[in-house]
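Reading through the structure tokens given below for one structure.
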Amino acid sequence: MATFRNLTALFRYRGLIQTLVVRDLKARYRGSVLGFFWSFFNPLLLLLIYSFVFTQVLVGAHDKEMEPYALFMFCGILPWTWFSSSVLESSNTLIAGGNLIKKVLFPAEVLPIVTVLANMVHFFFGLPVLVGFLIYYQRPVDPVELLWFPVIVLVQLVFTIGLALLLSALTVHFRDLKDLLGNLVQLWFFATPIIYPMLQAPVAMRRWLNFNPMTHIMISYQEVLFFPGPHGHWKWLMATAVVSVVVFLAGYFVFDRLRDSFAEEV
Amino acid sequence: MTSAIDVINVSKVYRRYARKRQFATLKSAILDGSLLGDLNPDETFQALKGVSFSVPKGCTYGVIGRNGSGKSTLLKCVAGITRPTQGEVKVDGRISALIELGAGFHPEISGRENIFINGIMLGLTKKDILRRFDEIVEFAEMQDFIDAPVKTYSSGMYMRLGFAVAVHVDPEVLLVDEVLAVGDQGFTHKCLDKFAEFRRRNKSILLVTHSLDLVEKFCDTAHWLDHGVTKGEGDPKRVVAAYIIDVEDSEENALAKAESTRLAAVAKEITEARETALTENTEVSASSVPSGEGSASSEESGPKDGFKSEEGRWGTREVEITNVTISGPGGDAGHVFQSGEAIQVRMDVTSKEKITDFVFGLGLFNADNVCVYGTNTNLEEFQPTEIDGAGVVTFTIDKLDLVEGTYRLDLAAHKADGYPYDYHRLLYTFRVKSRIRDVGIYRPDHKWTFGGGIKISSR
């Protein structure tokens, strides 16, 4: 019950969270020449690299209906970048913010949440690039289908925050996680249909891929933004939403239980 | 009067660094919600042991104690940064903790933005901060630099800004951990004025400090912690006095220990030197064996050279100083004395045969090896007749008019021409304590008088 009370207190910190997200964004590009433009350039460069590899180097590694392949991948890579950098950064966020936790009365859960939200804003900054390419390739998006987009983002947000809370709390005790995570996230990337469509995965593999919540989040993005026709994956998405809430609660529970140790262990 | 802070039987146990046990505790931490559930006592460190007190509203409460006595842990428990292992802390009203100033500052962004972020972290709203912004900047004396990134600030500027934000949060309860050393004298006065203003507005301050002056001047109650246990609580003057006595006692022990090791080292050196001298040159007669550091040099530079700073002992020991005690007005031997008190230096001497040419001398040096005073029985025109067997020499200073500091003594017995019998160079250390923070070495007996239009009173 105490956990639940703390959870409701989270709502009171929205002003603090908002301020810190803005600070994070401001501080990130402070001192660089292009500043905020990096939020656009990074995904753009990423897209160019993948386009080059899959249209010039690995020609014919995919079906004709997957053209333009670069766009297909971009629909997944953009939200995946949000997910992966959130997970990687949040594992270190309590240790990096040790000064706040040790010296100021500060709600520690704000730190991983801010990390996830700041990366979400970066994701949003990348969306105009995606829109630009949709227009360039003349791929109209069904506006009704587009209504699913915020839902997918919300599911991913809840899932990512849950994971970020769990990992940030555990990393305080197991610093090894920081190094391990880089590889795990890489593995997770390939275990998620992002640079390949789900349909190209072997049938035996597909069953396993279905256990991966990120699979359904990514397929949903692809369905909405890339594939024509209605969003046929929504049942899976809803199931993933439930999983996300469970992950969030579990993550928060562990975080809350370990909360007292942060000031001493960080 | 209701209390602003109630600390009820608070204990805090920290885990010692024991990696191998981490898994067990993490499991118990998540499942039972207890972080120390299954730890052995030798894996823990108890920082606070059943501390209780309460701070009434509008009261300034000072916590004193030596390093490692649990003061900061106590403050963190009150602030809610760590939770006590046992016991309970109740705080009525908004807390602002000045534990580390500017803890939330981000180096890359400007002071202006950091004020907002820091303020929000401390519980203000944007509107509150906007209203107090100018006041904060002015208080921090930062008008010219407020738009520069915080990483370009000097540490003093950084701290001042942090302090300014923290005190303008307008807390009901202010927790202060040794942060008054953040600026020049002027800024310190401003901080103290701010504290005084807090008191007038019936807010409570919990102050952790090593500045006993501050506790005596500002606090209504003082609390003395020692190794996590309350050693005293109550009237600041009384508690501070008890604390000072305790500190002096332990300083005394430390000096006594240092002195005995030094004497032991010197004694060892002497015996070794003697042995080598004897084996190297068997013809040297016992009477002319100068022991200690090198033969010729020490004899030449012996007692007359008051500026030779190396400690040690040399001489022929025809007359030997066997024991030295320094004692205070009560007659108890000690190493810490109050300025203005009487002290006595007593030398036990003995001679193996009858000697008629002898002088006893004493030199007093401060920590910088400046000779404060030096004299001997020859200079003061005593005429030696004879010494045979054991004797006692006592040197009494009726009023030790020295400023606070550490002082060392030379004691010697030698011939009128400087030929050393037994020379003890800087071997005896004592500390002089004073309530007055005057400077220099010597404090002449003095008084101030004022006349005319001057109105002045002692604090």
Side-chain angles (χ1 to χ4, degrees), chain A residues 1-3 6 9 12-32 35 96-108 110-111 114 166 169-177 250-266, chain B residues 12-15 17 19 22-23 25-26 28-36 47 72-73 76-85 91 94-110 113-114 116-126 129 149 151 162 166 175 177:
Chain A
M1 267 307 75
T3 306
N6 284 338
R12 280 191 291 128
Y13 302 135
R14 61 192 186 282
L16 176 61
I17 291 173
Q18 187 199 345
T19 316
L20 288 177
V21 169
V22 172
R23 179 187 85 167
D24 238 41
L25 295 173
K26 271 185 184 162
R28 179 166 303 196
Y29 295 125
R30 203 41 74 89
S32 64
N99 228 353
L100 287 177
I101 294 169
K102 272 189 288 195
K103 311 284 186 184
V104 188
L105 182 55
F106 186 84
V110 163
L111 290 173
V114 163
L166 178 75
L170 289 181
T171 309
V172 171
H173 289 267
F174 306 98
R175 304 282 161 115
D176 323 54
L177 265 180
Y252 194 83
F253 176 77
V254 171
F255 191 95
D256 200 52
R257 277 300 169 97
L258 291 176
R259 175 190 303 276
D260 290 349
S261 67
F262 296 155
E264 288 159 36
E265 289 287 335
V266 156
Chain B
K12 177 73 190 173
V13 180
Y14 281 118
R15 210 147 55 101
Y17 213 66
R19 279 273 150 199
Q22 194 131 49
F23 286 87
T25 50
L26 187 73
S28 74
I30 294 175
L31 295 181
D32 315 333
S34 142
L35 291 164
L36 300 149
S72 293
T73 304
K76 281 185 185 177
C77 283
V78 174
I81 293 169
T82 55
R83 204 163 296 179
T85 316
V91 181
R94 170 149 66 181
I95 304 180
S96 181
L98 299 180
I99 293 178
E100 187 164 301
L101 297 170
F105 284 172
H106 195 294
E108 292 287 345
I109 61 183
S110 71
E113 286 164 298
N114 267 309
F116 278 93
I117 293 165
N118 214 242
I120 285 169
M121 276 183 196
L122 296 173
L124 292 179
T125 63
K126 271 217 168 88
I129 301 166
K151 66 176 175 187
L175 309 177
D177 189 359

Report summary line: Rounded to the nearest 0.5 angstrom, the NZ-CD distance for Lys26(A) and Glu108(B) is 13.5 Å
Query raised in the report: Counting only heavy atoms not in Arg28(A), do more than 12 sit closer than 6.0 Å to its CZ atom?
Result: yes
Query raised in the report: Where on Lys151(B) is there a heavy atom nearer than 4.5 Å to chain A: the side chain, the backbone, both, or neither?
Result: neither
**Report entry** Interatomic spacing from CG in Asn118(B) to OG1 in Thr19(A) - rounded to 0.5 Å
**Finding:** 11.5 Å
Query - Region of Leu122(B) in contact with chain A, defined by heavy-atom distances below 4.5 Å - result: side chain
**Report entry** Any side-chain heavy-atom pair of Leu20(A) and Met121(B) under 4.5 Å
**Finding:** yes
Report summary line: To the nearest 0.5 Å, atom CD1 of Ile81(B) lies from atom CG of Leu100(A) at 10.0 Å
Report summary line: Under 4.5 Å to a heavy atom of chain B? For Ile101(A) that would be backbone
